[in-house]
Every structure is written in C-alpha cells, then in structure tokens.
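All ligand and atom numbering here is 1-based and tracks the order in the structure.
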Amino acid sequence: MKNQPLNDQEIELLLSAPTSGAIEAVRALEGDFMVLGVGGKMGTSVAAMLRRALDAAGKKSTRVLGVSRFSRPEAKTALTELGVEPISCDLADPEQVARLPQVANVEYLAGQKFGTDSAPDETWIQNTVVPSLVARKLRASRIVVFSTGCVYPFTPIDGPGAHETTPVAFLGEYASTCVGRERVFTHYSRKHGTKQLMFRLNYSVELRYGVLVDIGQRVLAGAPVDITMGVFNLIWQGDACARAIQCLQHVESPPKILNVTGAEKITLRETAERFGKIFGRAPVLTGSPADAAWHSDASESIRLFGPTTKSLDEMIVMVAEHLRAGGRLLGKPTHFETRDGKY
Ligand SMILES: NC(=O)c1ccc[n+]([C@@H]2O[C@H](COP(=O)([O-])OP(=O)(O)OC[C@H]3O[C@@H](n4cnc5c(N)ncnc54)[C@H](OP(=O)(O)O)[C@@H]3O)[C@@H](O)[C@H]2O)c1
C-alpha cells in the first residue's frame with residue numbers, strides 16, 4: 001500500500017520549522033521584517049519561518065510583511081493563514097515601490113530565471129532595474145540579497161568549488177543579470193552605507209521541486225539522467241531559510257558575500273544510483289562528467305552557522321518517498337544539466 005504523501009500545508013510546516021539559530025537571530029534583531037518576492041518557490045518558507053521564529057522568541061507583535069505581485073493568488077491566502085501580512089506590489093513599478101513601508105529587516109528574493117532566453121530584456125529589468133529601485137527605497141534597512149552560485153565560473157570537479165573570493169564570471173544571459181543584481185545592490189550599499197549580504201545560494205531542495213526531484217523523477221520513470229555536469233551542491237530549503245534569517249546579523253557595507261549550500265559535493269551519478277536502489281531500477285545515465293562544474297565551497301557559512309540539519313541521504317529518502325507516493329510537485333524543473341547558461 002502506498003503511503004499518503006504530505007500535502008502543501010504539511011510541507012510548508014516542515015520547511016518553515018524555525019531552527020534555534022533563526023530564533024536567536026530574530027530575538028536579537030530590532031524592527032519588523034519584510035520578504036520581497038514572497039510568492040515564489042522559497043518565499044513562503046522564509047516568511048513563515050520568520051513568523052514562527054518571532055513567535056517562539058516571544059515577539060508576537062513584530063510584523064512579517066510579504067511582498068509580491070501574487071501571480072499565484074493562492075500564495076496570498078497561504079501566507080495570511082501563516083500569520084504573514086501580504087502586500088501586492090510590482091517591484092518594477094517605481095510608484096508602487098515608493099509606497100512600500102520602511103522596514104528594518106529585508107529578505108530580497110525577487111528575480112527572474114526561466115524565460116530568460118526568450119525574453120532577455122525582461123530578465124535584465126527584473127534582475128537589475130528592480131534592485132536599483134529597491135536599494136534606493138530601502139537604504140536604511142538591513143538587506144539579505146538572494147543571489148546564486150551561477151555568478152561563478154565552472155571550477156574543477158575534483159576541487160573544493162568556488163570560494164567567495166573567486167572572481168565572478170558572466171556565464172550566459174541569466175548569470176550575467178545575477179552579477180548585475182549584486183553589482184547594483186553593492187553600488188547603493190557603498191553610496192548610502194546600506195548593510196547588505198550577498199546570499200550566493202546553490203540549489204534549494206524540498207519535496208516538490210529541486211535537483212533531487214528532477215533526478216528522482218527521471219529514475220522512477222526510467223528516463224535518462226544527463227551526468228555531464230558531474231557534481232553539484234544542495235541544501236534543504238529549511239536550512240537555506242534559517243541561514244537567510246541568520247544572515248541579517250551579518251550584513252555589512254560594502255556587502256558581505258557568502259556561499260550558502262550543503263557541505264557535501266554531490267555527484268550526479270551517485271545520486272541517480274541511490275534513487276535507483278530505492279526504486280529498485282538501474283538509472284539510465286547519459287553523458288560523462290566534464291572536468292569542471294558549478295559548485296561552491298560553503299565552508300564559511302558552515303563555520304558561521306554550523307552544519308545543516310538534513311543529510312543528503314535523508315533528503316533523497318524523503319524525496320523518493322514523496323515521488324513514490326505520487327505527491328504533488330511544482331512542475332518547475334531546475335535545468336541543473338544546463339551548461340551554456342541558457343534558461
Ligand atoms: N530556488 C533555488 O534553488 C535558488 C538557487 C539559487 C538562487 N536562488 C535565488 O533565490 C531567489 C528566490 O528563489 P525562488 O526559487 O523562490 O525564486 P522564484 O520562484 O523565481 O521566486 C521569486 C518570486 O519573486 C516574485 N517577483 C519577481 N518579480 C517581481 C516583481 N517585479 N515584483 C514583485 N515580485 C516579483 C515572483 O512572484 P510573483 O509572481 O508573485 O510576483 C517570483 O515568483 C531568486 O532570486 C533566485 O535567483 C534560488
């Protein structure tokens with residue numbers, strides 16, 4: 001008999017369980033909190049964890065605001081039920097940005113990745129013009145700016161991965177706009193003294209999307225898994241959110257840069273084989289690992305915040321169970337195999 005898969009509400013509760021580190025951070029931080037781009041894949045988890053961490057810290061009157069266009073209107077209802085106050089706002093519209101409240105602690109998650117190749121002009125607006133509007137409006141806030149490991153060049157797969165001091169590359173249109181997002185925020189941090197942190201995240205994983213879902217789905221269906229990318233890193237979404245909250249205590253001007261992902265360098269082959277063992281079918285592998293890939297050295301974030309709470313094997317087992325039970329998926333593949341920067 002199949003196990004019942006977790007539903008969306010249960011998954012959000014799992015992802016937003018506050019860690020002791022997140023609770024201590026919000027206890028120490030003064031002022032309200034605002035999550036920009038709350039309607040996407042990670043926004044609800046960050047905002048809900050903030051709410052739960054504040055409640056656990058006895059700060060029930062501190063507000064958590066969630067800003068998005070809410071192109072998925074159901075995200076608004078889910079946030080309200082979780083105690084987050086939604087604000088509809090198109091951050092690309094200067095007049096709407098001007099009406100946003102001044103809030104002390106800001107998580108910036110807005111951005112565009114997919115569709116970049118078909119509408120590059122839109123991606124540049126979303127990833128570079130929006131940051132300029134937000135950075136000027138919220139110059140008095142602490143801001144954690146979600147960025148990506150894609151700002152780095154590929155580094156050798158037998159090495160530790162890109163370090164925070166590795167110079168950025170401009171590997172394709174999307175990655176270039178992500179460098180642009182960092183550059184624009186950094187400019188205003190220097191100009192106004194705004195304290196920021198560039199949160200260079202590599203692959204957040206949960207039960208409904210992420211690299212593990214992409215690989216597991218293919219193995220379960222007997223579809224090929226392209227292992228040319230060779231290695232990658234990932235982090236449980238709950239850990240990524242907790243670190244993003246803790247990072248509000250590490251903002252600096254000019255901005256601090258931090259790689260955020262798990263400690264393990266993960267090989268695509270071994271991951272596919274692990275899913276194969278669970279599903280009782282050999283994975284169909286295509287390609288062969290290249291010499292270099294997008295992967296990051298997360299030792300500084302692990303030094304600051306300690307180890308992550310979920311091991312790779314725990315995450316694989318949870319994702320495999322969700323897939324096998326026919327759990328709901330977001331239908332948003334990560335395109336982890338893309339090596340030409342085209343999304
Ligand atoms: N998920 C990952 O594994 C991962 C890995 C590396 C980096 N990151 C970075 O982390 C951030 C958050 O990730 P995510 O996966 O949650 O991204 P996401 O699913 O793309 O969510 C971002 C959300 O921002 C909102 N947004 C975009 N433009 C906006 C605008 N003009 N005004 C208001 N809201 C706007 C959109 O929601 P509405 O349609 O409701 O406005 C969108 O869903 C992204 O910037 C991404 O670059 C994520």
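Atoms of ligand 1 lying under 4.0 Å from at least one heavy atom of Ala92, given by number and element, are 31 (N). Every atom of ligand 1 is numbered from 1 in the order shown, and the set under 4.0 Å from a heavy atom of Gln126 is 28 (N), 29 (C), 30 (C), 31 (N). In the vicinity of Phe70, heavy-atom distances shorter than 4.0 Å reach the ligand 1 atoms 38 (P), 40 (O), 41 (O). Counting atoms of ligand 1 from 1 in the listed order, those under 4.0 Å from a heavy atom of Ser204 are 2 (C), 3 (O). Ligand-side atoms of ligand 1 in range of Phe146: 10 (O), 11 (C), range being under 4.0 angstrom from any heavy atom. Residue Tyr203 has at least one heavy-atom neighbour below 4.0 Å for each of these atoms of ligand 1: 3 (O), 5 (C). Annotation for ligand 1: atoms under 4.0 Å from non-hydrogen atoms of Asp90 are 30 (C), 31 (N), 32 (N). Close approach to Tyr174 involves these atoms of ligand 1, each under 4.0 Å from a residue heavy atom: 47 (O).
When Thr155, Asn233, Asn202 are each tested for a side-chain hydrogen bond (donor to acceptor under 3.5 Å, both in side chains) with His295, only one passes: Thr155. Here the rule is side-chain contact (heavy atoms from CB on, under 4.5 Å) with Ile266, and of Val231, Val211, Thr261, Leu312 only Leu312 fits it.
Residue-level proximity to ligand 1 for Cys89 is carried by the backbone, the only part with a heavy atom below 4.0 angstrom. At a heavy-atom cutoff of 4.0 Å, ligand 1 is contacted by no atom of Tyr108, backbone or side chain. With a 4.0 Å cut-off on non-hydrogen atoms, Ser147 touches ligand 1 through its backbone and not its side chain. At a heavy-atom distance under 4.0 Å, no atom of Phe336 approaches ligand 1. For Lys113, no heavy-atom contact with ligand 1 is shorter than 4.0 Å.
Nearest protein heavy-atom neighbour of atom 1 (N) of ligand 1: Tyr209 OH, 3.1 Å. Protein heavy atom at the shortest distance from atom 39 (O) of ligand 1 is Ser71 OG, 2.3 Å. For atom 6 (C) of ligand 1, the closest non-hydrogen atom of the protein is Leu201 O, 3.2 Å. Among all non-hydrogen protein atoms, the one lying nearest atom 25 (C) of ligand 1 is Gly37 CA, 3.7 Å. When only non-hydrogen protein atoms are considered, atom 37 (O) of ligand 1 lies nearest to Ser68 OG, 3.4 Å. The protein non-hydrogen atom at the shortest distance from atom 43 (O) of ligand 1 is Gly40 CA, 3.2 Å.
Between Leu109 and ligand 1, at least one N/O pair is under 3.5 Å apart. Polar contact with ligand 1: present for Lys41 (N/O pair, distance under 3.5 Å). Ligand 1 has an N or O atom lying under 3.5 Å from an N or O atom of Arg181, backbone or side chain. The N/O atoms of Met42, backbone and side chain alike, include one that comes under 3.5 Å of an N/O atom in ligand 1. Of the polar atoms of Leu91, at least one N or O is found under 3.5 Å from an N or O of ligand 1, judged by distance alone. Inclusion of Gly43 in the set of residues having an N or O under 3.5 Å from an N or O of ligand 1 is not warranted. At a 3.5 angstrom cut-off on N or O pairs, Arg69 counts as close to ligand 1.
Between the side chain of Ser311 and the backbone N or O of Glu314 there is at least one donor-acceptor pair closer than 3.5 Å. A donor-acceptor pair is defined here as one N or O able to donate and one able to accept, closer than 3.5 Å; no such pair exists between the side chain of Asn105 and the backbone of Arg142.
A perpendicular orientation is assigned to the rings of His250 and Phe305, their planes being inclined by more than 60° (bins at 30° and 60°).
Arg208 has a carboxylate O that lies under 4.0 Å from a charged side-chain N of Glu12, or vice versa, which qualifies the two as a salt bridge. Asp313 has a carboxylate O that lies under 4.0 Å from a charged side-chain N of Arg274, or vice versa, which qualifies the two as a salt bridge.
Of the N and O atoms on the side chains of Tyr152 and Glu164, not one donor lies less than 3.5 Å from an acceptor on the other residue. Side chains of Arg303 and Ser299: no donor on one and acceptor on the other come within 3.5 Å. No side-chain donor-acceptor contact under 3.5 Å links Ser68 and Lys76. In this structure, a donor-acceptor pair under 3.5 Å is absent between the side chains of Ser189 and Thr194. Between the side chains of Arg52 and Ser16, a donor-acceptor pair is found at a separation under 3.5 Å.
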Original post:
Could you walk me through whether Glu173 and Lys113 pass the salt bridge (charged side-chain N to carboxylate O under 4.0 Å, His left out) check?
Top reply: CA-CA 10 Å; Glu173 189 102 11; Lys113 179 173 185 180; over 6 Å; no
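With Phe154 as the aromatic partner, Arg339 meets the cation-pi criteria of under 6.0 angstrom to the ring centre and within 45 degrees of the ring axis.
Atom 22 (C) of ligand 1 is approached by the protein to below 4.0 angstrom, counting heavy atoms only.
Proximity of the aromatic rings of Phe199 and Tyr108 is defined here by a centroid distance below 6.0 angstrom, and this criterion is not met.
Within the 4.0 Å heavy-atom cutoff, Phe199 does not count among the residues contacting ligand 1.
Annotation: side chain of Trp294 is in contact with side chain of Leu171 (closest heavy-atom distance under 4.5 Å).
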